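One-based numbering, in listed order, for ligands and for the atoms of each. These figures come from a predicted structure and were not determined experimentally.
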Amino acid sequence: MEGRELVIVKLGGSLITHKDKPLSINLEALDIVSNALSKSDLPLVLVHGGGSFGHYFAEKYGLKLKPSRVSAEGVAKTRLAMLKLDLKILNSLDRHGMNPYPLPPSNFVGYSVESQRRVFFSLIDYGLTPITYGDVLPKRGGFYVLSGDEITRMLSETLRPTRAVFLLNVDGIFEDLNQPESLIEELKPEDLTKIKLKSTDMDVTGGMKLKIKEAMKIAESGVDVIFVSGRDSERIVRALKGEQTKGTLVRGDRIG
Ligand code: IPE
């Protein structure tokens with residue numbers, strides 16, 4: 001199943017939007033990201049989060065990670081916000097010659113491993129860059145939010161990428177975000193208890209906590225995970241190639 005070079009990149013919502021201002025894109029950050037991604041010769045699959053688009057409405061209408069009977073208006077408005085954000089990202093990627101091809105999660109979530117691989121790799125072989133995003137999906141009992149971090153983990157399990165890169169609005173994972181010298185260069189499962197997470201770093205999909213949890217699962221499945229600042233073009237380029245740079249590495253456990 002392995003053997004194809006591929007990097008899955010999660011574009012954090014806090015990076016590409018102004019998280020404290022509803023429906024506000026961070027065009028400057030997005031441009032740095034698109035430009036750096038366009039320099040990669042490796043095939044990429046992109047996943048983006050919700051930031052001040054999806055999360056704003058998800059919170060407003062009470063959408064959760066578990067299915068619940070939220071209002072139809074809440075489902076529609078959250079989904080529309082994600083599509084609006086997706087369109088802005090698509091425009092930026094297009095400007096940088098990335099040939100993006102949007103794939104809503106409903107086009108592959110729940111499909112067999114073979115079908116998922118066929119969908120993504122045929123787009124890549126055609127010279128396109130598949131891009132998907134956290135979304136609102138129906139399930140028995142109502143609708144739920146599927147986060148971009150969970151999608152990144154699911155796709156890491158099915159597509160078996162060379163590595164997964166999380167682009168953040170900070171330099172990596174810190175023991176304590178208020179202490180710049182506490183950046184964790186290599187995160188091991190036993191270090192998890194050291195990380196102090198702020199209660200303000202929470203959103204409907206669990207913020208940094210869920211991101212780290214999904215990253216650990218990706219690493220357990222044998223794929224290296226790199227957390228890096230999406231504000232620094234050179235670091236992004238180096239992380240995509242798997243070269244050493246400022247950030248946090250979670251080494252994929254390829255044994256067994
Ligand atoms: C959230 O996705 C998607 C919706 C709110 C619909 P993420 O949870 O991956 O978003 P960010 O990256 O944390 O903003």
Residue portion contacting ligand 1 (non-hydrogen atoms closer than 4.0 Å) for H48: neither
Of the listed options G134, S14, G148, closest to atom 7 (P) of ligand 1 (non-hydrogen atoms): G148
Test of proximity, G50 against ligand 1: N or O pairs below 3.5 Å: yes
Proximity of R79 to ligand 1 by residue part, where a heavy atom lies under 4.0 Å: neither
Enclosure of E28 CD (heavy-atom neighbours >12, cutoff 6.0 Å): no
Ligand 1 atoms in contact with G51 (distance to a heavy atom under 4.0 Å): 14 (O)
Nearest neighbour in protein (non-hydrogen) for atom 5 (C) of ligand 1: G54 C, 3.4 Å
Atoms of ligand 1 close to K10 [distance to a heavy atom under 4.0 angstrom, numbered from 1]: 9 (O), 12 (O)
Ion pair check, D224 and R251, cut-off under 4.0 Å: no
For atom 8 (O) of ligand 1, the protein heavy atom that lies nearest, with its residue and separation: T205 OG1, 2.6 Å
Closest approach of any protein heavy atom to atom 4 (C) of ligand 1, naming residue and atom: V145 CG1, 3.7 Å
CD (E185) with more than 12 external heavy atoms under 6.0 Å: no
Separation between NE2 of H48 and OG1 of T152, rounded to the nearest 0.5 Å: 11.0 Å
G13 N/O under 3.5 Å from ligand 1 N/O: yes
Under 3.5 Å side-chain donor-acceptor pair for E157 and S221: no
Separation of L11 CG from L30 CG (nearest 0.5 Å): 7.5 Å
Atom 13 (O) of ligand 1 [closest protein heavy-atom partner, distance rounded to 0.1 Å]: H55 NE2, 3.3 Å
Within 45° cone and under 6.0 Å: K10 NZ/CZ vs F166 ring: no
K77 atom NZ, over 12 foreign heavy atoms within 6.0 Å: no
Within 6.0 Å of OH in Y101, more than 12 heavy atoms from elsewhere: no
Sub-4.0 Å atoms of ligand 1 with respect to non-hydrogen atoms of D149: 9 (O)
Atom 6 (C) of ligand 1 - nearest protein heavy atom and its distance: M82 CG, 3.7 Å
